[in-house]
Structures are given as C-alpha cells and as structure tokens.
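Data first, discussion second: the structure below is written as structure tokens.
It should be emphasised that the depicted structure is a prediction, and the values quoted were computed from it without experimental measurement.
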Amino acid sequence: MMRGRGFEFTQEYCDSGLKLPTRSTQGSAGYDISAAVDMRLCPGKMAVIPTGVKAYMQPGEYLGIHIRSSLAIKNGLHLANSQGIIDE
C-alpha cells in the first residue's frame, strides 16, 4: 500500500497502459486525470466513468474533483454535483 500522498492504479488497471495523474505545467493548480475507458456520452444522460486510479491523502485532507472550465465550455460537460469530494 502506498504511504503518504499520491496516486496509484487499481488492480484492475495496473497493466492497462494508462498514465497516472500529472501536473501539466509547473504552475498547474491541479492534476490532469484521464478516463480509463472510451465512452460515448449521450446528450442529457449521466454516466459514471472509471479512472482506474486510487488516491492517497494525509489525515485531515480531502481530494477535490473539479472539471476544467475549458472542457465544460467547449464540450458542455459537467460533474453531476458540480464537484467531487473524496474524504481521507
């Protein structure tokens, strides 16, 4: 098990060739994360899209999932509850 803070793949996606979340630039506010599967989203419908990633945080921390504004504006995508909060 990973200690501290960071990401690793779930067992199901260990050998999938996916990339772990990364910061694209030194000044990035957060990490870029990808879908583990290709999926077609139909207008007006919701879908749960796996990432294949586990996140580890320090006690008292949480992980916030936010959509990039450009992705939302250009593609009309949004998170079902506006943001995701994953407790420690």
Quiz prompt | Partners passing side-chain hydrogen bond (donor to acceptor under 3.5 Å, both in side chains) against Lys54 (at least two apart in sequence or in another chain) | solution =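 Residues passing side-chain hydrogen bond (donor to acceptor under 3.5 Å, both in side chains) with Lys54: Glu8.
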Exercise. Please list, chain by chain and in numerical order, all residues satisfying side-chain hydrogen bond (donor to acceptor under 3.5 Å, both in side chains) with Thr25, sequence neighbours excluded.
Key: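 Thr25 satisfies side-chain hydrogen bond (donor to acceptor under 3.5 Å, both in side chains) with Ser28 once adjacent residues are dropped.
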Quiz item: Considering residues at least two apart in sequence or located in another chain, which fulfil the side-chain contact (heavy atoms from CB on, under 4.5 Å) criterion with Met46?
Solution: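 Checked Met46 against side-chain contact (heavy atoms from CB on, under 4.5 Å); matches are Ala80.
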Self-check item: Listed partners of Asn75 passing side-chain contact (heavy atoms from CB on, under 4.5 Å), at least two apart
Solution: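 If we apply the side-chain contact (heavy atoms from CB on, under 4.5 Å) test to Asn75, skipping adjacent residues, the hits are Leu71, Leu77.
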Quiz item: Hey, does the Lys NZ or Arg CZ of Arg5 hover above the aromatic six-ring of Tyr56, less than 6.0 Å from the centre and inside 45° of the axis?
Solution: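 Cation-pi check for Arg5 and Tyr56: fails.
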Exercise. For the residue pair Val53 and Pro21, establish whether any side-chain heavy-atom pair is separated by less than 4.5 Å.
Key: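 Side chain of Val53 against side chain of Pro21, heavy atoms only: contact under 4.5 Å found.
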Quiz item: Is Ile49 close to Leu41 at the side-chain level, that is, under 4.5 Å between some pair of heavy atoms?
Solution: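 Counting from C-beta outward, Leu41 and Ile49 do come under 4.5 Å.
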Practice problem: State which residues pass ring-ring contact (aromatic ring centres under 6.0 Å, His included) with Tyr62; sequence neighbours excluded, sorted by chain then number. | Solution: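 Tyr62 satisfies ring-ring contact (aromatic ring centres under 6.0 Å, His included) with no other residue.
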Quiz prompt | Minimum heavy-atom distance between Ala47 and Met39, given as atom pair plus value | solution =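 Here Ala47 and Met39 meet closest at CB-SD, 3.7 Å.
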Exercise. Among residues two or more places apart or on two chains, list those pairs meeting salt bridge (Lys or Arg N to Asp or Glu O under 4.0 Å) that have a residue in residues 63-74.
Key: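 As it turns out, the salt bridge (Lys or Arg N to Asp or Glu O under 4.0 Å) pairs with a partner in residues 63-74, which skip direct neighbours, are Asp32-Arg68.
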Practice problem: Please assess Val37 against Tyr13 for the test side-chain contact (heavy atoms from CB on, under 4.5 Å), listing each intermediate value before the final yes or no. | Solution: CA-CA 10 Å; Val37 296; Tyr13 293 98; 4.0 Å; yes
Self-check item: Spatial distance of atom CG (Asp15) from atom CZ (Phe9) [nearest 0.5 Å]
Solution: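 Here the rounded value is 10.0 Å.
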Quiz prompt | Test side-chain contact (heavy atoms from CB on, under 4.5 Å) applied to Ile85 and Leu63, step by step | solution = CA-CA 6 Å; Ile85 296 177; Leu63 177 65; over 6 Å; no
